[in-house]
J.: 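Dropping the structure in here first, questions after.
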Number of protein chains: 2
Amino acid sequence: MTKVENISEYLLKNDIKPSYQRMRVFEYLTSKQNHPTVDKIYKELIKEIPTLSKTTVYNTLKLFMEKGIVTVVNIEDNEVRYDADTSLHGHFKCEKCEEIYDFKINPSNIDYGEIKNFKINETHLYIKGVCDKCK
Amino acid sequence: MTKVENISEYLLKNDIKPSYQRMRVFEYLTSKQNHPTVDKIYKELIKEIPTLSKTTVYNTLKLFMEKGIVTVVNIEDNEVRYDADTSLHGHFKCEKCEEIYDFKINPSNIDYGEIKNFKINETHLYIKGVCDKCK
DNA sequence: TATAAAAATGTAATCGCTACAAAAGTATAA
DNA sequence: TTATACTTTTGTAGCGATTACATTTTTATA
Ligand SMILES: [Mn+2]
Ligand SMILES: [Mn+2]
Ligand SMILES: [Zn+2]
Ligand SMILES: [Zn+2]
């Protein structure tokens, strides 16, 4: 995704008041592009924001979802991950190193089969396997 | 998917002892092709099997997963659904009627982008939108 | 400043799922 | 058949992620 130069402006443009916590959560999502869980975000940020509450992380991500600047990545059924890249792209999770890779998808290559005339709002492509490093 | 004529034989062939509960859970998955949650399976089957325990449904699905005769459908982050059709196909969830539609995918049409030489074990394509009936 | 509104925080409650032990059912051999 | 071991099911207790909600803190406005 195109790097978000000014987080404050980006949040404002998306109808979100740029509080300190919100900016730090969004910054974390965009700098590390690691599709973190709520717990991961919380554990990393509390190192630098000792007063941070996990509820705030939940509240913030919920708001970001409503405003459409983050999406959920549901690869595993027991972990919810978040992604500040809302453009169309696929996710690959390596079953050995657990790393999640983004990969490009050509929109015109997507095979919508017999639902092609339904109204399509979101497309999610998730792949599991073994990455190059672990093969 | 090709209809499973004899559930007992099918389970045995997949190294699963065909207990009454296991057969009924598998039968439910294949007859109604509605991608049910654990709770849905439990609530439906307990009507006819009054002694059924929800733990048994969890145990059974876990076993089916390990033996590879069911897959998980992770469209929403707060509901885990199960599918006895393990062949490659896509899922569409209508945001209005909540119905889940299967649709065919041509394996050769899948766009693996820059991960095409990774080892691919599972491919999941999930679409959200509005179905024809609800448009 | 004073006041009101918004955001962050901490705690309690909820819910899906798992762990575990006891009960029920099934297979095997004397 | 009957005894014994093994498998499966069941019920309960516990865990962990998420949400609800009241309180505190921060920010905006007069
Ligand atoms: Mn991504
Ligand atoms: Mn399906
Ligand atoms: Zn790897
Ligand atoms: Zn619909």
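Hydrogens, waters and symmetry mates play no part in the numbers below; they use all other heavy atoms, side chains included. In what follows, chains are A, B, ... by sequence order, proteins preceding strands, each numbered from 1.
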J.: Distance check needed: dT18(C) P versus M65(B) CE, whole Å only.
T.: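 From M65(B) CE to dT18(C) P: 11 Å.
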J.: Give me the atom names and distance for the closest heavy-atom approach of E79(B) to T37(B).
T.: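 Minimum heavy-atom separation between E79(B) and T37(B): CB-CG2, 4.4 Å.
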J.: Can you tell me how far P of dT9(C) sits from CD1 of I46(A), to the nearest Å?
T.: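 These atoms are roughly 9 Å apart.
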J.: Rounding to a whole Å, what distance do you find between D77(A):CG and dA17(D):C1'?
T.: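 Whole-Å distance recorded here is 13 Å.
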J.: Any base atoms under 4.0 Å from D39(B), or only sugar-phosphate, or nothing? Heavy atoms, all strands.
T.: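 D39(B): no heavy atom of the nucleic acid under 4.0 Å.
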J.: Can you tell whether the side chains of E44(B) and R24(B) come within less than 4.0 Å, N to carboxylate O?
T.: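 Looking at E44(B) and R24(B), the cut-off is not met.
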J.: Closer than 4.0 angstrom, basic N to acidic O: yes or no for E76(A) and K93(A)?
T.: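 So E76(A) pairs with K93(A) through a salt bridge.
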J.: Over all strands shown, is K17(B) touching base, sugar-phosphate only, or nothing at heavy-atom distances under 4.0 angstrom?
T.: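 Touches sugar-phosphate only.
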J.: Between H89(A) and H35(A), how do the two ring planes meet: parallel, tilted or perpendicular, split at 30° and 60°?
T.: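 Plane angle between 30° and 60°, so tilted.
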J.: Taking the side chain of Y58(B) as its heavy atoms from C-beta onward, which of dT9(C), dT9(D), dC17(C) lies nearest to it?
T.: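 Among the listed nucleotides, the one closest to the side chain of Y58(B) is dC17(C).
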J.: Reckon T51(A) touches a base, only the sugar-phosphate, or nothing at all at heavy-atom distances under 4.0 Å?
T.: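 Sugar-phosphate only.
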J.: Atom NZ of K40(A) to atom P of dG16(D): distance rounded to whole Å?
T.: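 After rounding, the gap between these two atoms is 19 Å.
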J.: Would you kindly give the CD-to-P distance between E66(A) and dT19(D), to the nearest whole Å?
T.: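 So the CD-P distance, E66(A) to dT19(D), works out to 11 Å.
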J.: Measure from CZ on R22(A) to P on dA6(C) and round the result to the nearest Å.
T.: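 Going from CZ in R22(A) over to P in dA6(C) covers 11 Å.
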J.: Base, sugar-phosphate, or nothing: which does T55(A) touch, judged by heavy atoms less than 4.0 Å apart?
T.: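 Here T55(A) touches the bases of the nucleic acid.
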J.: Send over the distance from Y20(B) OH to dA24(C) P, rounded to a whole Å.
T.: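 After rounding, the reported distance stands at 19 Å.
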J.: On DNA chain D, nearest-nucleotide positions of T56(B) versus E79(A): which is more 5'?
T.: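 Its nucleotide being nearer the 5' end, the pick is T56(B).
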J.: Could you check which of dC17(C), dT10(D), dT9(C) has an atom nearest any side-chain atom of V38(B)?
T.: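 That would be dC17(C).
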J.: If you find the nucleotide of DNA chain C closest to K62(B) and the one closest to N78(B), which residue's nucleotide is nearer the 5' end?
T.: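 Its nucleotide being nearer the 5' end, the pick is N78(B).
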J.: Taking OP1 and OP2 of dT10(D), is either one under 4.0 Å from a side-chain nitrogen or oxygen of Q21(B)?
T.: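 Checking dT10(D) against Q21(B), a side-chain N or O does come within under 4.0 Å of OP1 or OP2.
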J.: Whole-Å distance between dT27(D) C1' and M23(A) CE?
T.: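 After rounding, the reported distance stands at 13 Å.
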J.: In terms of side-chain geometry, is the basic nitrogen of D39(B) or K54(B) positioned less than 4.0 Å from the acidic oxygen of its partner?
T.: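 Salt bridge between D39(B) and K54(B), a charged N being under 4.0 Å from a carboxylate O: yes.
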